[in-house]
Amino acid sequence: MKVNLGCGTRCHPAWTNIDIDPQGPGVIPADLSKGIPLQDSSCSVVYHSAVLEHLRRSDARRFIGECFRILEPGGTMRVGVPDLEATCRSYLGILERAGSGDTSAQSDHEWITLELLDQSVREAAGGGMLGFLRQDPIPNEAFVYQRIGEEGRELVEMIRRQPRDQPVSSAPRMSRGVRHAISTIPATAREKLLRALLTPHDQRALDIGRFRLAGEVHQWMYDRYSLARLLTDGGFVDPVVHDAWSSSIPDWSTYHLDITSDGRVVKPDLFFMEARKPGQET
């Protein structure tokens, strides 16, 4: 069995696809922060892309331990995460251009700074990136699409079809007795009651907290050194960096998980690393 964790919309019928919010037929619903619903040593390959950075560091270690648990001895794990090193190098180069008076670098500088920071610090869905991508046309469209790839193009199309304001639901922390009493009230009335009990400042703090716990933000970023350390600390061996096309997984290019069917990279801002669980293949 080959398993695709946090698959989103990129699934393949030859794989077992798992996601917290299934977007396609046959996708198994599961909150991966609470464990992987598969048996020990049941998989020959574990793959996850743009998942690890959404987990807190302590949860990331547990998640890697779960991946190790479900892999058979000799099995391969492939991980895709945003490339902190490459983004920093791009940022420094653009900073030099902008600082030397190159006006064409202004929009590039705004975007690369958002790419570095926005998804870690944002307090509402979409953050500053959403506002930038809503520009029509995007002032440095070629550069942005070079950074965000085919998935980004699809995202921009979706953003431009949606209304600008999206409501954020919330519920506060309260004593156990108060929470129990409120929980018996119908949902609509409960929401009104909760908001009536909060000051505007408390409501804003609540909305921010609820959003930041919902899974959209990046909790950490990785480079080739820190990701290799995380994997080897979790028991894996022989970590190797790959690009979107290359892999030790047989027939990788036929699954179109990191590249489209016509060879375009889905998320160019990621780098990929593969490592093995020690032991003999079964």
Side-chain angles (χ1 to χ4, degrees), residues 4-11 19 21 23 47-55 78-95 97-98 104-162 164 166 211 214-224 227 241-246 253 255-273:
N4 178 4
L5 301 173
C7 61
T9 59
R10 304 207 70 81
C11 307
D19 197 89
D21 182 21
Q23 298 293 309
Y47 164 77
H48 47 92
S49 176
V51 172
L52 192 62
E53 67 273 16
H54 294 275
L55 301 176
R78 179 179 175 93
V79 183
V81 289
D83 191 339
L84 176 59
E85 177 186 6
T87 305
C88 287
R89 292 184 186 278
S90 294
Y91 166 78
L92 291 172
I94 292 168
L95 177 63
R97 289 170 47 210
S104 67
Q106 291 177 355
S107 294
D108 291 354
H109 181 270
E110 182 179 356
W111 175 261
I112 202 70
T113 305
L114 285 169
E115 195 174 315
L116 266 173
L117 299 173
D118 180 63
Q119 204 158 347
S120 294
V121 304
R122 66 179 56 166
E123 297 178 347
M129 279 185 168
L130 178 60
F132 195 99
L133 294 176
R134 273 182 170 151
Q135 298 177 94
D136 191 6
I138 296 171
N140 53 342
E141 183 176 279
F143 174 74
V144 171
Y145 285 149
Q146 175 190 341
R147 297 293 306 171
I148 64 179
E150 293 308 304
E151 186 174 270
R153 289 178 182 272
E154 296 169 6
L155 176 63
V156 170
E157 293 175 4
M158 181 184 71
I159 287 171
R160 289 174 178 170
R161 292 195 301 266
Q162 290 182 338
R164 287 182 174 268
Q166 297 290 340
F211 165 72
E216 179 178 320
V217 299
H218 287 176
Q219 300 287 352
W220 201 251
M221 293 189 72
Y222 298 89
D223 52 39
R224 52 196 165 94
L227 183 58
V241 173
H242 286 269
D243 60 26
W245 294 272
S246 68
S253 61
Y255 298 125
H256 306 305
L257 295 177
D258 292 331
I259 57 174
T260 63
S261 58
D262 57 358
R264 291 172 294 173
V265 178
V266 175
K267 289 183 68 67
D269 59 323
L270 304 186
F271 79 99
F272 303 91
M273 183 170 285

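We're numbering straight along the sequence, starting at 1.
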Check the surroundings of atom OH in Y91: do more than 12 heavy atoms from other residues, nucleotides or ligands lie under 6.0 Å from it? no
In terms of heavy-atom contacts, does CZ of R224 have more than 12 from other residues, nucleotides or ligands at under 6.0 Å? no
Between F132 and W111, what is the ring plane arrangement, given parallel below 30°, perpendicular above 60°, and tilted in between? tilted
Quick check on side chain to side chain contact (heavy atoms under 4.5 Å, CB included): which of L84, D83, L227, V79 does Y222 satisfy it with? L227
Go through the side-chain N and O atoms of R147 and T87 and say whether any donor and acceptor fall under 3.5 Å apart. yes
NZ/NE/NH1/NH2 to OD/OE distance under 4.0 Å, E85 and R89: yes
May I ask you to say whether R10 pairs ionically with E151, meaning some side-chain N is under 4.0 Å from a carboxylate O? no
Indicate yes or no: at least one non-hydrogen side-chain atom of [X] is less than 4.5 angstrom from one of [Y].
| X | Y | answer |
| --- | --- | --- |
| Q119 | E53 | no |
| H54 | H218 | yes |
| I138 | F143 | no |
| L270 | D258 | no |

Using the side chain to side chain contact (heavy atoms under 4.5 Å, CB included) rule, take L155 and L133 through it: C-alpha gap first, then chi angles, then the decisive distance, then the call. CA-CA 9 Å; L155 176 63; L133 294 176; 4.1 Å; yes
For the residue pair R78 and F272, would you count it as a cation-pi contact if the rule is NZ or CZ under 6.0 angstrom from the ring centre and within 45 degrees of the ring axis? yes
